[in-house]
Amino acid sequence: MEPIQKSLKKWMRENQTFQTVYGEMKKEILTDPDIIEILENHPSLTKESIDRQLMKLYEYHSQNKNCDNCAKGGCANNVLPGYKPRIEINDQEIHIYYEKCKYTILQEKQQQRAKLIKSLHMPKDVLQASMRDLDDQDPKRHDAIRKVIEYVNALDDGKAPEKGFYFYGPFGVGKTYFLGAIANELADNHIQCMLIYMPEFVREMKASLGNDSLQEKIEQFKTIPVLMIDDIGAESISAWFRDEILGSILQYRMMERLPVFFSSNYSLSQLEKHLAITSKGDVEELKAGRIIERMKQLSEQVPLFSENRRR
Ligand code: ADP
Ligand code: MG
(Lines give C-alpha, C1' and ligand atoms only; values in the text may rest on other atoms or scores of the structure.)
(Ligands and ions follow the chains in the order given, each with its own letter.)
Protein backbone atom coordinates (compact mmCIF):
# COMPACT_ATOMS: atom_id res chain seq x y z
CA MET A 1 0.00 0.00 0.00
CA GLU A 2 1.21 3.51 -0.77
CA PRO A 3 2.15 5.47 2.34
CA ILE A 4 -0.53 8.02 3.19
CA GLN A 5 1.85 11.00 2.90
CA LYS A 6 2.78 9.95 -0.58
CA SER A 7 -0.78 9.54 -1.75
CA LEU A 8 -1.71 12.84 -0.13
CA LYS A 9 1.10 14.57 -2.00
CA LYS A 10 0.00 12.97 -5.21
CA TRP A 11 -3.54 14.03 -4.58
CA MET A 12 -2.39 17.56 -3.80
CA ARG A 13 -0.41 17.68 -7.04
CA GLU A 14 -3.50 16.71 -8.89
CA ASN A 15 -5.70 19.00 -6.95
CA GLN A 16 -4.41 22.52 -7.42
CA THR A 17 -7.32 24.16 -5.58
CA PHE A 18 -6.49 22.32 -2.44
CA GLN A 19 -2.85 23.26 -2.80
CA THR A 20 -3.70 26.90 -3.26
CA VAL A 21 -5.88 26.87 -0.19
CA TYR A 22 -3.23 25.00 1.76
CA GLY A 23 -0.55 27.44 0.65
CA GLU A 24 -2.63 30.43 1.65
CA MET A 25 -3.43 28.88 4.96
CA LYS A 26 0.23 28.16 5.63
CA LYS A 27 1.16 31.73 4.77
CA GLU A 28 -1.54 33.03 7.09
CA ILE A 29 -0.32 30.83 9.94
CA LEU A 30 3.33 31.63 9.50
CA THR A 31 2.78 35.37 9.32
CA ASP A 32 0.78 35.42 12.56
CA PRO A 33 2.98 37.57 14.85
CA ASP A 34 2.30 35.29 17.84
CA ILE A 35 3.35 32.22 15.87
CA ILE A 36 6.43 34.02 14.51
CA GLU A 37 7.42 34.75 18.09
CA ILE A 38 6.85 31.17 19.20
CA LEU A 39 8.92 29.78 16.31
CA GLU A 40 11.67 32.33 16.95
CA ASN A 41 11.82 31.14 20.54
CA HIS A 42 12.19 27.55 19.34
CA PRO A 43 14.79 27.68 16.54
CA SER A 44 15.52 23.97 16.91
CA LEU A 45 12.09 23.07 15.52
CA THR A 46 12.76 21.79 12.01
CA LYS A 47 10.85 22.78 8.88
CA GLU A 48 9.60 19.19 8.62
CA SER A 49 8.21 19.28 12.15
CA ILE A 50 6.49 22.56 11.40
CA ASP A 51 4.97 21.19 8.20
CA ARG A 52 3.92 17.98 9.89
CA GLN A 53 2.20 19.89 12.68
CA LEU A 54 0.85 22.77 10.68
CA MET A 55 -2.69 21.88 11.73
CA LYS A 56 -1.76 22.38 15.37
CA LEU A 57 -0.35 25.79 14.55
CA TYR A 58 -3.52 26.50 12.59
CA GLU A 59 -5.59 25.54 15.61
CA TYR A 60 -3.54 27.88 17.77
CA HIS A 61 -3.82 30.66 15.18
CA SER A 62 -7.59 30.33 14.84
CA GLN A 63 -8.33 30.01 18.55
CA ASN A 64 -5.90 32.59 19.88
CA LYS A 65 -8.31 35.49 19.56
CA ASN A 66 -7.78 38.79 21.18
CA CYS A 67 -10.76 38.94 23.51
CA ASP A 68 -11.24 42.27 25.17
CA ASN A 69 -14.46 41.08 26.66
CA CYS A 70 -15.62 37.52 26.54
CA ALA A 71 -19.29 38.39 26.48
CA LYS A 72 -18.78 40.32 23.25
CA GLY A 73 -17.07 37.84 20.97
CA GLY A 74 -13.37 37.10 20.94
CA CYS A 75 -12.70 33.78 22.59
CA ALA A 76 -16.39 33.45 23.54
CA ASN A 77 -16.79 32.11 19.98
CA ASN A 78 -13.97 29.61 20.33
CA VAL A 79 -14.53 25.88 20.14
CA LEU A 80 -14.05 26.00 23.89
CA PRO A 81 -15.78 29.30 24.69
CA GLY A 82 -13.84 31.49 27.11
CA TYR A 83 -10.68 29.42 26.77
CA LYS A 84 -7.49 30.34 24.98
CA PRO A 85 -4.80 28.04 23.60
CA ARG A 86 -1.26 27.91 24.93
CA ILE A 87 1.55 26.24 23.01
CA GLU A 88 4.28 24.15 24.52
CA ILE A 89 7.09 22.72 22.45
CA ASN A 90 9.00 19.68 23.58
CA ASP A 91 11.86 18.83 21.27
CA GLN A 92 10.06 18.47 17.90
CA GLU A 93 6.56 18.05 19.31
CA ILE A 94 4.05 20.86 19.50
CA HIS A 95 1.42 20.56 22.23
CA ILE A 96 -1.62 22.74 22.67
CA TYR A 97 -3.26 23.30 26.02
CA TYR A 98 -6.37 25.31 26.75
CA GLU A 99 -6.60 27.75 29.62
CA LYS A 100 -9.34 30.04 30.87
CA CYS A 101 -8.83 33.52 29.47
CA LYS A 102 -8.42 36.36 31.96
CA TYR A 103 -12.00 37.53 31.39
CA THR A 104 -13.38 34.10 32.16
CA ILE A 105 -11.35 34.08 35.37
CA LEU A 106 -12.63 37.56 36.24
CA GLN A 107 -16.21 36.58 35.45
CA GLU A 108 -15.98 33.49 37.63
CA LYS A 109 -14.55 35.56 40.44
CA GLN A 110 -17.45 37.99 40.13
CA GLN A 111 -19.97 35.15 40.18
CA GLN A 112 -18.27 33.74 43.24
CA ARG A 113 -18.50 37.14 44.88
CA ALA A 114 -22.14 37.53 43.93
CA LYS A 115 -22.88 34.29 45.74
CA LEU A 116 -21.24 35.63 48.87
CA ILE A 117 -22.88 39.04 48.82
CA LYS A 118 -26.61 38.97 49.22
CA SER A 119 -28.26 42.27 48.70
CA LEU A 120 -31.72 43.65 49.06
CA HIS A 121 -32.67 46.66 47.01
CA MET A 122 -29.14 47.97 46.59
CA PRO A 123 -28.09 49.71 43.38
CA LYS A 124 -25.80 47.63 41.16
CA ASP A 125 -22.88 50.06 41.24
CA VAL A 126 -22.63 49.71 45.01
CA LEU A 127 -21.87 46.03 44.53
CA GLN A 128 -19.04 47.00 42.24
CA ALA A 129 -17.43 49.34 44.75
CA SER A 130 -13.89 48.36 45.53
CA MET A 131 -11.18 49.35 47.94
CA ARG A 132 -8.84 49.72 44.98
CA ASP A 133 -11.01 52.45 43.46
CA LEU A 134 -11.58 54.20 46.76
CA ASP A 135 -10.80 57.82 46.05
CA ASP A 136 -8.61 59.13 48.88
CA GLN A 137 -8.00 62.68 47.60
CA ASP A 138 -10.00 64.43 50.30
CA PRO A 139 -8.05 64.43 53.62
CA LYS A 140 -11.39 64.62 55.46
CA ARG A 141 -11.98 61.01 54.49
CA HIS A 142 -8.58 59.76 55.60
CA ASP A 143 -9.58 58.67 59.10
CA ALA A 144 -12.49 56.65 57.74
CA ILE A 145 -10.35 55.11 55.01
CA ARG A 146 -7.67 54.20 57.55
CA LYS A 147 -10.25 52.45 59.72
CA VAL A 148 -11.63 50.52 56.78
CA ILE A 149 -8.14 49.44 55.70
CA GLU A 150 -7.38 48.28 59.25
CA TYR A 151 -10.61 46.30 59.29
CA VAL A 152 -9.94 44.72 55.94
CA ASN A 153 -6.37 43.84 56.91
CA ALA A 154 -7.67 42.13 60.01
CA LEU A 155 -9.96 39.86 57.99
CA ASP A 156 -8.78 36.40 58.66
CA ASP A 157 -9.76 34.08 55.90
CA GLY A 158 -13.26 33.07 56.89
CA LYS A 159 -13.70 35.30 59.93
CA ALA A 160 -14.66 38.94 60.30
CA PRO A 161 -13.78 41.02 63.39
CA GLU A 162 -16.69 41.25 65.84
CA LYS A 163 -17.42 44.94 65.48
CA GLY A 164 -18.55 46.61 62.28
CA PHE A 165 -18.80 50.36 61.60
CA TYR A 166 -21.51 52.94 61.91
CA PHE A 167 -20.75 55.37 59.07
CA TYR A 168 -22.54 58.64 59.50
CA GLY A 169 -22.47 61.95 57.70
CA PRO A 170 -24.30 63.97 55.09
CA PHE A 171 -25.79 62.78 51.83
CA GLY A 172 -23.42 61.81 49.00
CA VAL A 173 -20.14 61.48 50.92
CA GLY A 174 -19.69 57.81 50.09
CA LYS A 175 -21.13 55.93 53.09
CA THR A 176 -22.90 53.38 50.94
CA TYR A 177 -19.85 53.10 48.71
CA PHE A 178 -17.75 52.17 51.74
CA LEU A 179 -20.23 49.43 52.65
CA GLY A 180 -20.03 48.03 49.10
CA ALA A 181 -16.23 48.10 49.10
CA ILE A 182 -16.10 46.28 52.46
CA ALA A 183 -18.67 43.72 51.26
CA ASN A 184 -16.41 42.91 48.32
CA GLU A 185 -13.39 42.54 50.58
CA LEU A 186 -15.41 40.18 52.77
CA ALA A 187 -16.32 38.16 49.68
CA ASP A 188 -12.66 37.97 48.69
CA ASN A 189 -12.07 36.44 52.10
CA HIS A 190 -14.97 34.02 51.64
CA ILE A 191 -17.15 35.73 54.23
CA GLN A 192 -20.85 35.93 53.47
CA CYS A 193 -22.56 39.24 53.91
CA MET A 194 -25.95 40.79 53.37
CA LEU A 195 -26.38 44.38 52.36
CA ILE A 196 -29.83 45.86 52.77
CA TYR A 197 -31.35 49.23 52.07
CA MET A 198 -33.21 50.06 55.25
CA PRO A 199 -36.34 51.82 53.86
CA GLU A 200 -37.02 48.92 51.49
CA PHE A 201 -36.20 46.45 54.24
CA VAL A 202 -38.95 47.99 56.39
CA ARG A 203 -41.42 47.86 53.52
CA GLU A 204 -40.54 44.27 52.72
CA MET A 205 -40.94 43.12 56.31
CA LYS A 206 -44.28 44.88 56.55
CA ALA A 207 -45.41 43.17 53.37
CA SER A 208 -44.41 39.79 54.79
CA LEU A 209 -46.42 40.40 57.97
CA GLY A 210 -48.85 37.59 58.41
CA ASN A 211 -47.23 35.20 55.97
CA ASP A 212 -44.74 32.47 56.69
CA SER A 213 -41.78 34.18 55.07
CA LEU A 214 -41.41 36.79 57.83
CA GLN A 215 -39.78 34.48 60.37
CA GLU A 216 -37.62 32.98 57.69
CA LYS A 217 -36.37 36.40 56.67
CA ILE A 218 -35.70 37.47 60.24
CA GLU A 219 -33.73 34.27 60.71
CA GLN A 220 -31.57 35.12 57.70
CA PHE A 221 -30.78 38.61 59.01
CA LYS A 222 -29.92 37.17 62.39
CA THR A 223 -27.55 34.51 61.21
CA ILE A 224 -25.76 35.89 58.14
CA PRO A 225 -22.04 36.24 59.09
CA VAL A 226 -22.00 39.98 58.34
CA LEU A 227 -25.05 42.22 58.11
CA MET A 228 -25.00 45.72 56.57
CA ILE A 229 -27.90 48.09 56.99
CA ASP A 230 -27.76 51.04 54.64
CA ASP A 231 -29.46 54.35 55.44
CA ILE A 232 -30.88 53.63 58.87
CA GLY A 233 -33.05 56.53 59.97
CA ALA A 234 -34.03 57.49 56.43
CA GLU A 235 -37.68 57.33 57.41
CA SER A 236 -39.74 56.86 60.52
CA ILE A 237 -40.41 53.31 61.59
CA SER A 238 -43.13 51.76 63.64
CA ALA A 239 -42.64 50.60 67.21
CA TRP A 240 -43.28 47.07 65.96
CA PHE A 241 -40.45 47.22 63.44
CA ARG A 242 -38.06 48.92 65.87
CA ASP A 243 -38.60 46.50 68.75
CA GLU A 244 -39.73 43.22 67.23
CA ILE A 245 -37.71 43.18 64.05
CA LEU A 246 -34.66 45.43 64.34
CA GLY A 247 -34.35 44.95 68.11
CA SER A 248 -34.50 41.20 67.96
CA ILE A 249 -32.05 40.93 65.05
CA LEU A 250 -29.54 43.19 66.81
CA GLN A 251 -29.99 41.41 70.13
CA TYR A 252 -29.30 38.05 68.54
CA ARG A 253 -26.22 39.31 66.69
CA MET A 254 -24.89 40.95 69.83
CA MET A 255 -25.15 37.66 71.73
CA GLU A 256 -23.56 35.70 68.89
CA ARG A 257 -20.89 38.37 68.32
CA LEU A 258 -21.80 38.76 64.66
CA PRO A 259 -20.78 42.14 63.19
CA VAL A 260 -23.24 44.68 61.81
CA PHE A 261 -22.41 47.69 59.67
CA PHE A 262 -24.67 50.71 59.34
CA SER A 263 -24.80 53.86 57.33
CA SER A 264 -26.89 56.84 58.32
CA ASN A 265 -27.30 60.57 57.81
CA TYR A 266 -27.66 60.83 61.58
CA SER A 267 -25.12 60.58 64.36
CA LEU A 268 -26.05 57.96 66.95
CA SER A 269 -27.49 60.56 69.33
CA GLN A 270 -29.58 62.06 66.54
CA LEU A 271 -30.71 58.57 65.53
CA GLU A 272 -31.71 57.87 69.13
CA LYS A 273 -34.11 60.81 69.04
CA HIS A 274 -35.38 59.71 65.65
CA LEU A 275 -36.03 56.14 66.80
CA ALA A 276 -37.81 57.37 69.93
CA ILE A 277 -40.61 58.87 67.86
CA THR A 278 -42.66 56.13 66.29
CA SER A 279 -44.60 56.48 63.06
CA LYS A 280 -47.70 56.96 65.23
CA GLY A 281 -46.05 59.91 66.96
CA ASP A 282 -45.49 58.25 70.36
CA VAL A 283 -42.26 59.13 72.19
CA GLU A 284 -40.49 56.09 73.60
CA GLU A 285 -37.01 57.11 74.69
CA LEU A 286 -36.25 54.01 76.70
CA LYS A 287 -36.89 51.65 73.81
CA ALA A 288 -34.91 53.78 71.38
CA GLY A 289 -32.06 53.87 73.90
CA ARG A 290 -32.03 50.10 74.02
CA ILE A 291 -31.56 49.86 70.24
CA ILE A 292 -28.79 52.45 70.31
CA GLU A 293 -26.98 50.52 73.08
CA ARG A 294 -27.00 47.41 70.92
CA MET A 295 -25.77 49.35 67.92
CA LYS A 296 -22.88 50.70 69.98
CA GLN A 297 -21.95 47.19 70.99
CA LEU A 298 -22.09 45.98 67.43
CA SER A 299 -20.31 48.77 65.61
CA GLU A 300 -17.74 51.50 65.92
CA GLN A 301 -18.84 55.00 64.98
CA VAL A 302 -17.04 56.46 61.97
CA PRO A 303 -17.89 60.02 60.93
CA LEU A 304 -17.68 60.77 57.23
CA PHE A 305 -17.86 64.45 56.39
CA SER A 306 -16.64 65.31 52.96
CA GLU A 307 -17.76 66.72 49.64
CA ASN A 308 -21.09 65.59 48.24
CA ARG A 309 -19.81 63.43 45.38
CA ARG A 310 -23.14 63.43 43.60
CA ARG A 311 -22.92 67.08 42.63
P1 ADP B 1 -23.87 58.26 50.59
O2 ADP B 1 -24.24 56.85 50.84
O3 ADP B 1 -22.98 58.84 51.65
O4 ADP B 1 -25.05 59.15 50.33
P5 ADP B 1 -22.71 57.20 48.17
O6 ADP B 1 -21.92 56.10 48.75
O7 ADP B 1 -23.96 56.85 47.49
O8 ADP B 1 -22.97 58.32 49.25
O9 ADP B 1 -21.72 57.98 47.17
C10 ADP B 1 -22.14 59.00 46.28
C11 ADP B 1 -21.51 58.79 44.91
O12 ADP B 1 -20.10 58.88 44.96
C13 ADP B 1 -21.80 57.42 44.35
O14 ADP B 1 -22.04 57.56 42.97
C15 ADP B 1 -20.54 56.63 44.60
O16 ADP B 1 -20.36 55.63 43.62
C17 ADP B 1 -19.45 57.67 44.54
N18 ADP B 1 -18.37 57.41 45.52
C19 ADP B 1 -18.49 57.53 46.84
N20 ADP B 1 -17.35 57.28 47.47
C21 ADP B 1 -16.45 56.99 46.51
C22 ADP B 1 -15.07 56.66 46.51
N23 ADP B 1 -14.37 56.61 47.64
N24 ADP B 1 -14.45 56.44 45.36
C25 ADP B 1 -15.15 56.54 44.22
N26 ADP B 1 -16.44 56.84 44.14
C27 ADP B 1 -17.11 57.09 45.25
MG1 MG C 1 -26.17 55.99 50.88
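Quick caveat, the model's predicted, so the values are computed rather than measured.
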Item to complete: In plain terms, say whether K56 and E59 are close enough for a salt bridge, that is, a side-chain N and a carboxylate O under 4.0 Å apart.
Response: no

Practice prompt. Measure from the side-chain N and O atoms of Q53 to the backbone N and O of I94, and report whether any donor-acceptor pair falls under 3.5 Å.
Written response: yes

Discussion item. Angle between ring planes, F201 versus F221, binned at 30° and 60°: parallel, tilted or perpendicular?
Written reply: perpendicular

Discussion item. Is it true that, when you exclude K140 itself, more than 12 heavy atoms of the residues, nucleotides or ligands shown sit nearer than 6.0 Å to its NZ?
Written reply: yes

Practice prompt. Spell out, as yes or no, whether a donor-acceptor pair under 3.5 Å connects the side chain of N184 to the backbone of G180.
Written response: yes

Worksheet item: So do the side chains of L246 and I232 get within less than 4.5 Å of each other, counting heavy atoms only?
Response: yes

Item to complete: Show your working on salt bridge (Lys or Arg N to Asp or Glu O under 4.0 Å) between E307 and R141 and close with a plain yes or no.
Response: CA-CA 9 Å; E307 299 288 307; R141 302 158 66 97; over 6 Å; no

Fill in: 4.5 Å side-chain heavy-atom contact, K222 and L258
no

Worksheet item: Above 12 or not: heavy atoms from other molecules or residues under 6.0 Å from CZ of R257?
Response: no

Worksheet item: Going by heavy atoms in the side chains, are L227 and I196 under 4.5 Å from each other?
Response: yes

Discussion item. Rounded to the nearest 0.5 Å, what separates atom CD1 in I245 from atom CG in L209?
Written reply: 7.0 Å

Discussion item. Do R309 and D138 make a side-chain contact, defined as non-hydrogen atoms from C-beta onward lying under 4.5 Å apart?
Written reply: no

Worksheet entry | Backbone N/O of E28 and side chain of D32: donor-acceptor pair under 3.5 Å | no

Worksheet item: Any side-chain heavy atom of D51 within less than 4.5 Å of one from K26?
Response: yes

Worksheet item: Which atom names give the shortest non-hydrogen contact between Q63 and P85, and what distance separates them?
Response: O-CD, 3.3 Å

Worksheet item: Hey, is NZ on K163 packed in by over 12 heavy atoms from elsewhere, all under 6.0 Å?
Response: yes

Practice prompt. Assess the pair F178 and Y151: is the distance between their ring centroids shorter than 6.0 Å?
Written response: no

Worksheet item: Does the side chain of F305 come within less than 4.5 Å of P170's, by heavy atoms?
Response: yes

Discussion item. Looking at E285, I'd like to know if its CD atom is crowded, meaning that more than 12 non-hydrogen atoms belonging to other residues, nucleotides or ligands lie closer than 6.0 Å.
Written reply: no

Fill in: Between CG on residue D188 and CG on residue L116, distance to nearest 0.5 Å
9.0 Å

Item to complete: Can you label the angle between the Y266 ring and the H274 ring as parallel, tilted or perpendicular, going by 30° and 60°?
Response: tilted

Discussion item. Is the shortest side-chain heavy-atom distance between L57 and M25 below 4.5 Å?
Written reply: no

Discussion item. With a 4.5 Å cut-off on side-chain heavy atoms, are L268 and Y168 touching?
Written reply: no

Discussion item. Quick one about D230 and T176 (side-chain donor to acceptor, distance below 3.5 Å, no hydrogens or angles considered), yes or no?
Written reply: yes

Worksheet item: Under 4.0 Å between a Lys/Arg side-chain N and an Asp/Glu carboxylate O for E272 and K296?
Response: no

